[in-house]
Amino acid sequence: MKDLPEGCIRRLPLYLRQAQRYSDSGVDTVSSKELSEDIGVSPETIRKDLSQFGEFGTRGVGYNPEKLVKEIKSILNLHSTWDLALVGVGNIGSALLTNPEFEEGGFCITLAFDRDPEVVGKNIGGLEVLDVEEMTSRISEEGIDMGVIAVPPGNAQSIADSFVEGGVTGILNFAPVKVDVPSGIELIQVDITCELSRLAYYTGEKLRTKEIEDNYLGEE
Ligand code: NAI
């Protein structure tokens with residue numbers, strides 16, 4: 001598989017989710033224009049993204065949602081469910097454990113760890129929270145490939161190290177801190193504050209443009 005542009009990889013899950021919705025509701029064909037209206041990505045971008053994988057749709061007719069789901073799952077390595085280990089069962093960790101969409105997307109948290117004796121042993125979202133002391137051995141025994149860090153920033157690096165020691169290959173880090181991992185380990189940072197800062201930039205620009213336009217109209 002050739003290296004895909006980052007933007008395309010970010011959009012594929014959007015196409016997948018929407019195609020799954022069409023497929024579930026029995027839709028046979030969908031055009032890039034309809035898909036565009038439902039997910040807010042331009043039809044040109046959709047066509048360009050999907051054309052990278054060969055003949056996906058039929059020109060002038062559109063895409064078959066079921067086929068789209070199958071193909072995108074194959075591109076994203078989502079043909080089978082990924083088992084995940086989660087460390088830190090606080091606000092974010094509990095929300096992830098009880099969120100059904102996570103599982104519908106092909107991800108199943110099969111191990112959850114915390115260090116707080118008040119939390120260890122609790123059943124959250126059908127899973128018993130284990131002591132973090134057992135983390136490395138359990139994830140290694142169960143051959144877990146992906147880990148999620150949801151602990152405070154000061155503890156994130158040691159959890160990342162334990163994940164690597166336990167054999168995971170991909171880490172999703174919610175803690176707002178840089179963690180170092182060896183090459184060969186995929187690390188993705190989730191940061192809502194950074195996203196909000198991006199939003200602030202674009203919103204500020206829009207407001208400034210509107211202000212200029214309003215002033216201009218006021219002068220007429
Ligand atoms: P929380 O304080 O509710 O939960 C943290 C949990 O981690 C607690 O249950 C605690 O016992 C556990 N913990 C702490 N050290 C541990 C260790 N060494 N091993 C195992 N468990 C440990 O925190 P919350 O609100 O769930 O946030 C989690 C992380 O996500 C924090 O780093 C926070 O800054 C970050 N965060 C990230 C956001 C984002 O956009 N990515 C948004 C909000 C918070």
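Read the numbers this way: they start at 1 and go in the same order the structure lists the ligands and their atoms. Heavy-atom basis, side chains included; hydrogens, waters and symmetry copies ignored.
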- Item | Exercise: do Ser137 and Ser140 side chains pair donor with acceptor under 3.5 Å | no
- Query: Just checking, is any N or O donor in the side chain of Tyr22 or Asp38 under 3.5 Å from an acceptor N or O on the other one?
  - Reply: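 Result is yes, a qualifying pair exists.
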Using heavy-atom distances, let me know which of [options] sits nearest [atom].
atom	options	value
atom 17 (C) of ligand 1	Glu118, Glu195, Glu133, Arg115	Arg115
atom 15 (N) of ligand 1	Leu130, Asn155, Leu96	Asn155
atom 10 (C) of ligand 1	Val87, Val89, Asp114, Asp116	Asp114
atom 39 (C) of ligand 1	Asp131, Val190, Thr193	Val190

- Task: Before giving the answer on salt bridge (charged side-chain N to carboxylate O under 4.0 Å, His left out), spell out for Glu44 and Lys48 the whole-Å C-alpha distance, their side-chain angles and the decisive distance to 0.1 Å.
- Result: CA-CA 6 Å; Glu44 295 75 31; Lys48 189 169 167 233; over 6 Å; no
- Query: Going through the distances and angles, do Asn64 and Leu68 end up as a side-chain contact (heavy atoms from CB on, under 4.5 Å)?
  - Reply: CA-CA 6 Å; Asn64 172 266; Leu68 211 49; over 6 Å; no
Is it true that [X] and [Y] have a side-chain N and a carboxylate O under 4.0 angstrom from each other?
X	Y	answer
Arg208	Glu205	yes
Lys70	Glu66	no
Glu142	Arg138	yes
Arg17	Glu101	yes

What residue and heavy atom of the protein are closest to [atom], and at what distance?
atom	result
atom 14 (C) of ligand 1	Pro152 CD, 3.3 Å
atom 4 (O) of ligand 1	Gly90 CA, 3.2 Å
atom 34 (O) of ligand 1	Pro176 CD, 3.2 Å
atom 7 (O) of ligand 1	Gly88 CA, 3.5 Å
atom 40 (O) of ligand 1	Ile192 N, 2.7 Å
atom 5 (C) of ligand 1	Ala150 O, 3.6 Å
atom 29 (C) of ligand 1	Val151 O, 3.4 Å

Examine distances only and state if a side-chain atom of [X] and a backbone atom of [Y] form a donor-acceptor pair shorter than 3.5 Å.
X	Y	result
Ser51	Arg47	yes
Glu34	Ser31	yes
Thr110	Asp83	no
Glu186	Ile171	no

Which one holds for [X] and ligand 1: side chain close, backbone close, both close, or neither close, with close meaning a heavy atom under 4.0 Å?
X	value
Val132	side chain
Val177	neither
Asn91	both

- N or O contact, Ile92 vs ligand 1, cut-off under 3.5 Å: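 Right, the criterion is met.
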- N/O separation below 3.5 Å, Phe174 to ligand 1: yes
- Item | Any protein heavy atom nearer than 4.0 Å to atom 2 (O) of ligand 1 | no
- Which atoms from ligand 1 have a heavy atom of Ala175 less than 4.0 Å away?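 What qualifies from ligand 1 is 32 (O).
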- Message: Out of all atoms in ligand 1, which are within 4.0 Å of some heavy atom of Ile159? Include the element for each.
- Response: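 Answer for ligand 1: 18 (N), 19 (N).
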